[in-house]
Amino acid sequence: MVKFGLQFKATLENVTNVRPVGEDFRWFLKLKCGNCGEIPDKWQYVTLAESTPLKGGRGSASMVQKCKLCARENSIDILGDTITPYNVEDNESFKTMVQFECRGLEPVDFQPQAGFAAQGAESGTQFPEVNLLEKDWTDYDEKVSESVGIYEVTHQFIKC
């Protein structure tokens with residue numbers, strides 16, 4: 001079992017506390033089989049809300065799947081206590097936002113989508129519906145009459 005950290009990087013304009021919202025937040029990943037190297041074309045998602053038992057009563061994971069090529073059973077589990085927000089102090093640098101515990105899988109790509117939230121850096125204005133699918137997001141903070149945004153979203157995976 002190996003732990004992988006998803007590191008997030010972005011340019012923040014007048015916002016902070018960028019974070020996934022709720023246990024049903026979908027982490028869209030591409031996962032590589034550690035046995036045969038197969039990487040499916042489709043995005044797969046894992047959530048904290050879903051839990052599947054592992055064979056042999058070895059606990060549970062956020063997702064359990066059989067590789068279509070080699071039929072090996074693999075699993076990935078979100079480590080909920082590792083989820084951390086991306087703040088203005090982290091601007092333009094990589095920061096681990098979440099960790100995954102993997103058995104037989106390795107995350108190789110991440111696609112941010114809807115379900116993020118942020119808040120105004122100075123005003124505290126809440127922005128509850130941030131969609132990062134386009135790797136950029138903009139809005140307007142009426143409390144301080146400033147534009148806000150998240151730009152150039154990128155990521156990388158590290159072994160923890």
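- One N or O on the side chain of Ser62 and one on the backbone of Ile78 form a donor-acceptor pair closer than 3.5 Å.
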Only distances under 3.5 Å count here; give the side-chain donor-acceptor pairs of residues 104-120 to other protein atoms, sequence neighbours excluded, each with its distance to 0.1 Å.
unit_1	atom_1	unit_2	atom_2	d
Asp109	OD1	His155	NE2	3.2
Gln111	OE1	Gln113	NE2	2.7
Gln119	OE1	Asn17	ND2	3.2
Gln119	OE1	Gln126	NE2	3.4

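- The backbone N or O of Ser147 lies less than 3.5 Å from a partner atom in the side chain of Asn14, making a donor-acceptor pair.
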Evaluate the side chain to side chain contact (heavy atoms under 4.5 Å, CB included) criterion for residues Gln65 and Gln44: first the C-alpha distance (whole Å), next the side-chain angles of each, then the deciding distance (0.1 Å), finally the verdict.
CA-CA 11 Å; Gln65 70 175 25; Gln44 299 170 288; 2.5 Å; yes
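- Judged by distance alone, with hydrogens and angles left aside, the side-chain atoms of Tyr86 form a donor-acceptor pair with the main-chain N or O of Ala10 at under 3.5 Å.
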Please test Met63 against Leu31 for side chain to side chain contact (heavy atoms under 4.5 Å, CB included), starting from the C-alpha separation and ending with a verdict.
CA-CA 11 Å; Met63 183 177 72; Leu31 302 165; 3.3 Å; yes
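- The closest donor-acceptor contact from the side chain of Asn91 to the backbone of Val88 lies at 3.5 Å or more, if one exists at all.
- Relative ring orientation between Phe100 and Trp27 is described as perpendicular, the plane-to-plane angle rising above 60° on a 0-90° scale split at 30° and 60°.
- In this structure, Lys9 contributes its side chain and Val153 its backbone to no donor-acceptor pair below 3.5 Å.
- When ring centroids are compared, Phe157 and Phe4 stay outside the 6.0 Å threshold.
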Run Leu79 and Asp81 through side chain to side chain contact (heavy atoms under 4.5 Å, CB included) and show every step you take.
CA-CA 6 Å; Leu79 301 176; Asp81 58 347; 4.1 Å; yes
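- Between the side chains of Ser123 and Asp141, at least one donor N or O lies within less than 3.5 Å of an accepting N or O.
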Side chain to side chain contact (heavy atoms under 4.5 Å, CB included) between Glu73 and Val64: does it pass, once the steps are laid out?
CA-CA 7 Å; Glu73 184 175 275; Val64 178; 3.5 Å; yes
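- Judged by distance alone, with hydrogens and angles left aside, the side-chain atoms of Thr82 form a donor-acceptor pair with the main-chain N or O of Gln99 at under 3.5 Å.
- Taking the side chain as every heavy atom from C-beta outward, Ile150 and Val18 approach each other to under 4.5 Å.
- Using modelled atom types, one finds a donor on one side chain and an acceptor on the other under 3.5 Å when comparing Gln7 with Thr96.
- Residues Trp137 and Phe127 place their aromatic rings such that the two centres sit under 6.0 Å apart.
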